[in-house]
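See below for the structure under consideration.
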Amino acid sequence: MNLEGGVPLARFTTLGTGGPARALARPESLDELHEALRWAAEHDAGVAAVGLGSNLLVADEGVDALALKLGGELAKVEVDDELVRAGGGAANAVVLHRVRDAGLGGFEFACAIPGTTGGGVWMNAGAYGGDFAHLLERALVVDLEGARWLTPSELGLRYRHSELRHGQVVAEVELRLVPRPAEEIKATVAELQAQRKAAQPTNKRTFGSVFKNPDHELSAGRMLEACGLLGFQIGGAQISPRHANFIENAGGGTSADAVALMSEARRRAWEQYGVELEHEVEFLGELELDPLQR
Ligand SMILES: Cc1cc2nc3c(=O)[nH]c(=O)nc-3n(C[C@H](O)[C@H](O)[C@H](O)COP(=O)(O)OP(=O)(O)OC[C@H]3O[C@@H](n4cnc5c(N)ncnc54)[C@H](O)[C@@H]3O)c2cc1C
């Protein structure tokens, strides 16, 4: 297994920001994954799996960890009757394509989620009423101790949350789907994509929703819009003029710019609504939002 140094993680994040990890490994089998985890332990480095970087904000200075990009066997997709086995590094788009061709439905919601199955399990990604928790039979989680199959309840899956921690890598998932004609799946996907296009920025560099929806009558997006944040910009990062719960890289943006925008958004939501917004995007490295003035 080769280790690469100095590779900016910006290359692997949809926002296009972030400095290098201490090292980058691309394991292609369970053996290589175990080897990478042992290397990290021996070198006292943290471990961070990176999927398609679509929910990731990486510190501009980089992160003192071994970054893992799963490939090969760890990104394969196999359909076995109504059960789908996908590597944790498999892109949702590839899985969706395979299951559609196999006439299996239930994964259509993932057409809106530009990540991998591993990233999907990590935060129980979901859209349009579907999420990973509803389909997942079990996930193979690998850490220094070995490999274990865990069910959704053992993973602690709930709204945009799991109990997984860095150092635990989702190497494979098993999803239980239901028979559905490919034409119907295609039609649903087209409809969901049209809804997405009408409501959210597309063809922009973003990391999806910035904040989780609070327990409030307003969604995070509507709340930030009411705080006057549509189009608000700091440095090269801008709150989307289309949807206030998205941050776009307007050109030359850094993770620090995005964090400054997030701090400002959180401050305004707190002052106007008394709501403490919780970020949905995952932070890697030394990144912190400003504390709220209580
Ligand atoms: C335009 C856009 C729209 C989006 N819409 C949605 C949406 O509708 N619903 C939604 O839920 N999300 C949405 N997202 C966010 C994002 O796509 C999801 O959170 C996705 O599941 C992240 O997967 P990823 O592979 O890109 O993970 P990454 O962003 O690479 O990583 C996210 C976290 O998962 C961990 N991780 C990744 N792979 C593994 C693995 N194999 N094992 C263990 N941990 C892992 C990482 O360490 C990190 O902590 C959107 C993002 C974009 C850019």
Side-chain angles (χ1 to χ4, degrees), residues 9-18 21 26-27 30 33 36-37 46-58 63 65-71 74-75 86-95 108-133 136 139-143 147 150 155 157-173 192-193 195-197 199-213 219 221 240 242-243 245-249 279-285 287:
L9 294 183
R11 236 186 252 174
F12 306 117
T13 62
T14 51
L15 191 69
T17 64
R26 301 174 193 260
L30 280 177
L33 178 54
L37 293 173
V47 171
V50 176
L52 292 180
S54 61
N55 194 38
L56 261 193
L57 196 54
V58 180
V63 44
L66 173 66
L68 297 175
K69 284 286 290 173
L70 309 187
L74 303 178
N92 295 335
V94 173
V95 178
E108 292 85 336
F109 72 89
C111 71
I113 305 173
T116 59
T117 67
V121 170
W122 174 275
M123 55 94 74
N124 188 23
Y128 301 112
D131 63 22
F132 273 77
L136 185 73
L140 183 65
V141 176
V142 176
D143 60 18
L150 298 179
L155 289 158
L157 297 193
R158 52 186 160 84
Y159 173 65
R160 304 297 171 267
H161 178 86
S162 76
E163 296 294 334
L164 289 168
R165 292 292 165 264
H166 290 299
Q168 295 181 298
V169 181
V170 177
E172 190 176 335
V173 303
L192 296 180
Q193 284 175 338
Q195 280 183 42
R196 232 341 118 98
K197 210 167 165 189
Q200 292 179 8
T202 47
N203 300 326
K204 299 278 180 194
R205 303 204 74 149
T206 75
F207 46 69
S209 297
V210 179
F211 296 104
K212 296 182 187 184
N213 282 323
S219 65
S240 168
R242 295 201 67 196
H243 192 306
N245 200 25
F246 280 77
I247 287 178
E248 299 175 2
N249 189 336
H279 59 91
E280 180 166 320
V281 61
E282 294 287 336
F283 288 173
L284 269 191
L287 289 173

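Order of appearance sets the numbers: ligands from 1, and atoms from 1 within every ligand.
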Look at atom 9 (N) of ligand 1 and find which of Ala125, Ala110, Gly126 reaches it with the closest heavy atom. Gly126
Tell me, please: is Lys204 in heavy-atom contact with ligand 1, that is, under 4.0 Å? no
Where is the nearest protein heavy atom to atom 1 (C) of ligand 1: which residue, which atom, and how far? Thr206 OG1, 3.8 Å
Determine whether the side chain, the backbone, both or neither of Phe12 has a heavy atom under 4.0 Å from any heavy atom of ligand 1. neither
What residue and atom, counting heavy atoms only, is the protein's closest point to atom 18 (C) of ligand 1, and at what distance? Ile113 CG2, 3.7 Å
From the candidates Ser54, Ala127, Ala48, the one that places a heavy atom nearest atom 17 (O) of ligand 1: Ser54
At less than 4.0 angstrom from any non-hydrogen atom of Gly120, what atoms of ligand 1 do you find? 21 (O)
With side chain to side chain contact (heavy atoms under 4.5 Å, CB included) as the criterion, how do Tyr159 and Asp131 come out once you've worked through the C-alpha distance, each side chain's angles and the decisive distance to 0.1 Å? CA-CA 9 Å; Tyr159 173 65; Asp131 63 22; over 6 Å; no
To check your reading of the model: name the closest protein heavy atom to atom 24 (P) of ligand 1, its residue, and the distance in Å. Leu52 N, 3.5 Å
Could you tell me the residue and atom name of the protein heavy atom closest to atom 36 (N) of ligand 1, and the distance to it rounded to 0.1 Å? Ala49 O, 3.8 Å
How close does the nearest protein non-hydrogen atom get to atom 42 (N) of ligand 1, and which residue and atom is it? Val170 N, 2.8 Å
Enclosure of Lys204 NZ (heavy-atom neighbours >12, cutoff 6.0 Å): no
Looking only at protein heavy atoms, what sits closest to atom 38 (N) of ligand 1 is Gly119 N, 3.4 Å
Using heavy-atom distances only, which candidate in Gln168, Arg165, Arg196, Gln200 approaches atom 5 (N) of ligand 1 most closely? Arg196
In this structure, atom 28 (P) of ligand 1 is nearest to the protein heavy atom Gly53 N, 3.6 Å
Stepwise side chain to side chain contact (heavy atoms under 4.5 Å, CB included) check, Glu248 with Thr206: CA-CA 5 Å; Glu248 299 175 2; Thr206 75; 3.9 Å; yes
Parallel under 30°, tilted from 30 to 60°, perpendicular over 60°: which one fits the rings of Phe283 and His279? parallel
With a 3.5 Å distance limit and no angle check, can you tell me whether Asn124 reaches the backbone of Phe132 through a side-chain donor-acceptor pair? yes
Looking only at heavy atoms, is any part of Asn92 under 4.0 Å from ligand 1, and if so is it the side chain, the backbone, or both, or is it neither? neither
I'd like to check Leu56 versus Phe207 (side-chain heavy atoms, cut-off strictly below 4.5 Å). Are they in contact? no
Nearest protein heavy atom with distance in Å, relative to atom 33 (C) of ligand 1: Trp122 CD1, 3.5 Å
